[in-house]
Amino acid sequence: MTDAHTARTIVGIIGNVISFGLFCSPIPTMIKIWKMKSVSEFKPDPYLATVLNCMMWSFYGLPFVHPDSLLVVTINGTGLFMELVYVTIFFIFATSAIRRKITIAMVVEMIFMAVVIFCTLYFLHTTKQRSMLIGIMCIVFNVIMYASPLTVMRLVIKTKSVKYMPFFLSLASFMNGVVWVIYACLKFDPYILIPNGLGSLSGLVQLILYATYYKTTNWNDEDGDKEKRFTNAEIQLDRA
């Protein structure tokens, strides 16, 4: 039992490190925005979605919801802080219309989380019940957010080019999913296993596409508009 617990802790720490790297992936985009003093064609949607995702997973990992999940809280708490910084940068340099959109989205997310927390703690009195409700909600949100990588994969197949699908990001996404799958299997947790199993599959498909279309990619073809449009897809939302 002790060996399994130790192995799970080690795997969880590795997962934290890889997930932290994924949370850092938007930094180049933020640097561009800061230098341009404008959000240009970049969209805040992925960052807003990740804020909600991190809040849900952080709540899921708390002892009174799902015991023995401290490493889920640490990485998603860190991710939540980072995503809020990204949203703040977006807000500073966005137009009034985008600022209004960000404000409305954040207010809705905060109200939603408040309702979820209240209902979970007031109406559900065991960690098993709380884990099931929040775990299912986390799975649903993760599956919905897989739309971002799917969009990029569709572009790769359509253009026969992997120019806008960074290899190391795809590799990190695959490794991240695998690590958290192992973590979930060491002490069976279907709510972590299912979304990260799908995340592993998504990362694997991206790597297969990269191997398939690498030789047909025209690396000298500059298409700034497409690059801006799909840079946001570098935010991977398939972490625990």
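FYI, the numbering just counts along the sequence from 1.
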Q: Go through the structure and list residues passing ring pair (Phe, Tyr, Trp, His ring centres under 6.0 Å) with F112, not counting sequence neighbours.
A: F141
Q. Same hydrophobic cluster for I136 and F64, using side-chain heavy-atom links shorter than 4.5 Å among ILVMFWY?
A. yes
Q) M56 versus M137: any side-chain heavy-atom pair under 4.5 Å? A) yes
Q.
Donor-acceptor check, side chain of N53 to backbone of A49, threshold 3.5 angstrom: yes or no?
A. no
Q: Report the residues that fulfil side chain to side chain donor-acceptor pair (under 3.5 Å) with N16, sequence neighbours left out, ordered by chain and then residue number.
A: T74
Q. Are F168 and F174 joined in one hydrophobic group, where the rule is that I, L, V, M, F, W and Y side chains link up if heavy atoms are under 4.5 Å apart?
A. yes
Q.
Rounded at 0.5 Å granularity, tell me how far CG in N76 sits from OG in S58.
A. 4.5 Å
(Q) Using 0.5 Å steps for rounding, measure from the CD atom of E83 to the SG atom of C54. (A) 5.5 Å
Q. Take atom NZ in K37; do more than 12 heavy atoms of anything else shown fall under 6.0 Å from it?
A. yes
(Q) So, using salt bridge (Lys or Arg N to Asp or Glu O under 4.0 Å) as the criterion, who are the partners of K160 when residues are at least two apart? (A) none
Q) Roughly how far, to the nearest 0.5 Å, is SG of C138 from CG of L133? A) 9.5 Å
**Q.** Expected output: side-chain N176 to main-chain A172 donor-acceptor under 3.5 Å
**A.** no
Q: Identify the heavy atoms of I139 and P195 that sit nearest to each other, and give their distance.
A: CG1-CD, 3.8 Å
Q. When you look at F23 and T78, which way does the side chain to side chain contact (heavy atoms under 4.5 Å, CB included) test go after all the steps?
A. CA-CA 9 Å; F23 279 123; T78 301; 5.8 Å; no
Q. Restricting to pairs with a member in residues 99-113, which pass side chain to side chain donor-acceptor pair (under 3.5 Å), not counting sequence neighbours?
A. D45-K101
Q) Which pairs, with at least one residue in residues 61-77 and sequence neighbours excluded, count as a salt bridge (charged side-chain N to carboxylate O under 4.0 Å, His left out)? A) R8-D68, D68-K187
Q: Tell me whether Y183 is reachable from V181 by hopping between hydrophobic residues (I, L, V, M, F, W, Y) whose side-chain heavy atoms are closer than 4.5 Å.
A: no
Q.
A side-chain contact here means heavy atoms from C-beta on lying under 4.5 Å apart; do F59 and I134 qualify?
A. yes
Q) Within the side chain of S40, is there an N or O that forms a donor-acceptor pair under 3.5 Å with the backbone of F42? A) no
Q.
Between M82 and F20, is the side chain to side chain contact (heavy atoms under 4.5 Å, CB included) condition met? List the steps.
A. CA-CA 10 Å; M82 295 175 70; F20 179 75; 3.6 Å; yes
Q. Do L48 and L52 come close enough that some side-chain heavy atom pair is under 4.5 Å?
A. no
Q: For T217, check side chain to side chain contact (heavy atoms under 4.5 Å, CB included) against everything at least two apart and list the hits.
A: S161, V162, K163, W219
Q.
Under a 3.5 Å distance rule, please check whether S25 uses its side chain to pair with a backbone N or O of L22 as donor and acceptor.
A. yes
Q: With side chain to side chain contact (heavy atoms under 4.5 Å, CB included) as the test, would you mind laying out the steps for L198 and N142 before giving the verdict?
A: CA-CA 9 Å; L198 293 174; N142 272 69; over 6 Å; no
**Q.** Donor + acceptor pair across side chains of S19, W180 (<3.5 Å)
**A.** yes
Q. Are Y60 and L193 connected in the hydrophobic side-chain network, where two residues link if heavy atoms are under 4.5 Å apart?
A. no
(Q) Under a 3.5 Å distance rule, please check whether S131 uses its side chain to pair with a backbone N or O of V65 as donor and acceptor. (A) yes
Q. When rounded to the nearest 0.5 angstrom, what distance separates OG in S200 from CE in M175?
A. 11.0 Å
Q | Counterpart residues, side chain to side chain contact (heavy atoms under 4.5 Å, CB included), relative to T212 (two or more places apart) | A | I208
Q: Considering only Ile, Leu, Val, Met, Phe, Trp and Tyr, and joining two whenever side-chain heavy atoms are under 4.5 Å apart, list the other residues clustered with V17.
A: none
Q) Hey, are the side chains of Y86 and I27 touching, using non-hydrogen atoms and a 4.5 Å cut-off? A) yes
Q: Report the residues that fulfil side chain to side chain contact (heavy atoms under 4.5 Å, CB included) with I14, sequence neighbours left out, ordered by chain and then residue number.
A: I10, I18, V179
Q. With hydrophobic residues grouped by side-chain heavy-atom distances under 4.5 Å, do L80 and M110 end up in a single group?
A. yes
Under 3.5 Å, which donor-acceptor pairs link side chains of residues 116-126 to any protein atom two or more places apart or in another chain?
residue : atom : partner : partner atom : Å
T120    : OG1  : V116    : O            : 2.7
T126    : OG1  : Q129    : N            : 3.2
T126    : OG1  : Q129    : OE1          : 3.3

Q | Spacing of F90 atom CZ and M30 atom CE [to the nearest 0.5 Å] | A | 5.0 Å
Q.
For a 4.5 angstrom cut-off between non-hydrogen side-chain atoms, does I98 reach T95?
A. yes
Q | ring-ring contact (aromatic ring centres under 6.0 Å, His included): pairs with one or both residues in residues 190-213, sequence neighbours excluded | A | F167-Y210, Y210-Y214
Q: Could you grab the distance from atom CG of L84 to atom OG1 of T50, nearest 0.5 Å is fine?
A: 10.5 Å
Q) With I182, which residues qualify under side chain to side chain contact (heavy atoms under 4.5 Å, CB included), at least two apart? A) V11, V178, L186
